[in-house]
There are 2 protein chains.
Amino acid sequence: MGTRSAYVTKPREQITALLRAEPRFFSAAEIHRRLEDEASKVSLSTVYRTLEHLLERGEIAARVDESGESTYTMCAPERHHHHAICRVCGRVEDVTCSTMDQLAESLRQLHGFELDDHKMEFSGRCRACR
Amino acid sequence: MGTRSAYVTKPREQITALLRAEPRFFSAAEIHRRLEDEASKVSLSTVYRTLEHLLERGEIAARVDESGESTYTMCAPERHHHHAICRVCGRVEDVTCSTMDQLAESLRQLHGFELDDHKMEFSGRCRACR
DNA sequence: ATCAGTGCAAACCATTTGCAAATTA
DNA sequence: TAATTTGCAAATGGTTTGCACTGAT
């Protein structure tokens with residue numbers, strides 16, 4: 001019961017596999033391009049629809065980059081966390097640090113601001129690219 | 001010397017005035033709409049070009065919202081700081097808290113991540129809308 | 001046999017750009 | 001007048017949608 005629709009299709013498997021393979025943010029266009037090489041191609045609209053599908057199920061996380069383009073990465077957004085993005089290799093590291101949440105909370109006292117949500121993003125160079 | 005072009009034109013004055021009037025993020029379309037009421041209208045492309053102009057001079061700050069639309073607010077981005085955005089009235093409060101910068105720095109030790117930049121955004125309800 | 005998923009092309013929407021006319025210095 | 005700025009319309013580029021067809025259950 002409660003099992004919502006979810007056909008297992010080739011496009012979904014291909015896209016999921018691609019995202020699972022690398023811990024970084026991909027744009028829809030990037031995913032589409034990558035799949036062109038593979039045997040069975042996937043249309044760009046299917047890429048978008050699949051990403052939306054995965055997003056709804058909480059299987060991937062999305063972020064909009066500076067240019068306004070949406071990008072997606074495989075990481076369970078269940079637990080609230082932040083991202084550290086390596087600007088060299090693009091690697092994404094999940095950062096779940098209670099200190100940060102505590103800090104965010106202190107905003108309330110300092111600025112009289114009732115916090116509902118917060119977002120932090122760190123960019124730099126990861127251990128490997130440093 | 002060093003005085004780059006900078007004509008004082010009506011569109012620039014109108015847009016600057018509008019942004020200065022309210023401490024919140026405006027989209028280009030919103031600004032354009034607002035100026036339609038005023039006596040002298042301004043084309044949407046001029047709104048975009050003016051925003052770009054102000055951005056280059058560091059007179060405004062920009063952010064891309066969840067939908068991918070760019071929004072702009074009047075605040076001097078000279079000092080690094082973050083924004084607390086009231087989700088009721090949209091008011092933007094600059095948050096310059098050294099504690100946060102320190103926290104961001106600690107990322108280096110904790111995750112072996114060499115930090116180049118970071119971004120934090122808080123949304124909730126401001127003192128007035130709480 | 002159904003209902004969900006796909007491809008394609010067209011539609012959308014925010015943003016950008018070319019160019020001639022208008023404006024500022 | 002020389003250089004910048006504006007308006008308009010057309011071009012972009014990412015994302016969405018309608019619809020007939022294909023594929024999964």
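Letters A, B, ... are given to chains in the order of the sequence lines, protein chains preceding strands, and every chain is numbered from 1. Side chains are part of it too, since the values below use all heavy atoms of this structure and drop only hydrogens, waters and symmetry mates. Since the structure is predicted, the reported quantities are computational estimates derived from the model, not experimental observations.
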Asks: What is the distance, to the nearest angstrom, from the CD atom on A/E66 to the C1' atom on C/dT15?
Replies: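 After rounding, the reported distance stands at 16 Å.
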Asks: How long is the straight-line distance from CD of A/E69 back to CZ of A/F25, given to the nearest 0.5 Å?
Replies: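 One gets 12.5 Å once the value is rounded to the nearest 0.5 Å.
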Asks: Atom CZ of B/F26 and atom P of C/dA14: how far apart are they, to the nearest Å?
Replies: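 Going from CZ in B/F26 over to P in C/dA14 covers 17 Å.
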Asks: Within the pair A/S45 and D/dT16, is there a side-chain N or O less than 4.0 Å away from OP1 or OP2?
Replies: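 No, because none of the side-chain N or O atoms of A/S45 sits under 4.0 Å from OP1 or OP2 of D/dT16.
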Asks: Could you state the CD-C1' distance from A/E13 to C/dT6, rounded to the nearest angstrom?
Replies: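 Distance, rounded to whole Å: 15 Å.
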Asks: May I ask you to test the A/L19-A/T73 pair for a side-chain heavy-atom distance under 4.5 Å?
Replies: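 The answer is no, as the side chains (C-beta and beyond) never meet within the 4.5 Å cut-off.
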Asks: Could you check how far CD of B/E52 sits from C1' of D/dT6, rounded to whole Å?
Replies: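 Interatomic distance, CD of B/E52 to C1' of D/dT6: 14 Å.
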Asks: Check each of A/L35, A/T46, A/V47 against A/P11 using the side chain to side chain contact (heavy atoms under 4.5 Å, CB included) test, and report the only one that passes.
Replies: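 Among the candidates, only A/T46 passes.
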Asks: Should B/R49 and B/H53 be marked as a side chain to side chain donor-acceptor pair (under 3.5 Å) after you check the CA-CA gap, both sets of side-chain angles, and the distance that decides it?
Replies: CA-CA 6 Å; B/R49 283 190 278 227; B/H53 178 260; over 6 Å; no
Asks: Over how many whole Å does the gap from A/L51 atom CG to D/dT17 atom P extend?
Replies: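 Those two atoms, CG and P, are 15 Å apart.
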Asks: Is there a side-chain contact between B/H83 and B/R63 (heavy atoms, below 4.5 Å)?
Replies: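 Not touching, per the 4.5 Å side-chain cut-off.
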Asks: Between the side chains of A/R34 and A/E22, is the shortest nitrogen-to-carboxylate-oxygen separation below 4.0 Å, so that they form an ion pair?
Replies: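 Here A/E22 pairs with A/R34 in a salt bridge, since their nearest N and O are under 4.0 Å apart.
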Asks: Take the protein atom NE2 of A/H32 and the nucleotide atom C1' of C/dT6, then report the distance between them rounded to whole Å.
Replies: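 Going from A/H32 (NE2) to C/dT6 (C1'), I get 12 Å.
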Asks: According to a strict under-4.0 Å criterion, is B/Y48 in side-chain N/O contact with OP1 or OP2 of C/dT15?
Replies: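 For C/dT15, OP1 or OP2 has a side-chain N or O of B/Y48 closer than 4.0 Å.
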Asks: Using whole Å, what does the distance between atom P of nucleotide D/dG14 and atom CD of A/E30 come to?
Replies: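 Atom CD in A/E30 sits about 11 Å away from atom P in D/dG14.
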Asks: What is the per-nucleotide protein-contact pattern of nucleotides 19-25 of chain C, from the 5' end, where B denotes a base atom under 4.0 Å from a protein heavy atom, S denotes such proximity for sugar-phosphate atoms only, and - denotes neither?
Replies: -----BS
Asks: To check you understand the geometry: which heavy-atom pair defines the closest contact between B/D94 and B/C75, and what is its length?
Replies: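 Minimum heavy-atom contact is OD2-CB, 3.7 Å.
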Asks: Please determine whether a side-chain nitrogen or oxygen atom of A/T46 lies at a distance below 4.0 Å from atom OP1 or OP2 of C/dG5.
Replies: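 So the side chain of A/T46 is outside the cut-off, no N or O lying under 4.0 Å from OP1 or OP2 of C/dG5.
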Asks: Using a heavy-atom cut-off of under 4.0 Å over every strand shown, decide if A/S27 touches base, sugar-phosphate, or nothing.
Replies: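 If one applies the 4.0 Å heavy-atom cut-off, A/S27 turns out to touch nothing in the nucleic acid.
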Asks: Please report the distance, rounded to the nearest Å, between CD in A/E36 and P in C/dG7.
Replies: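 Atom-to-atom, A/E36 to C/dG7, this comes out as 12 Å.
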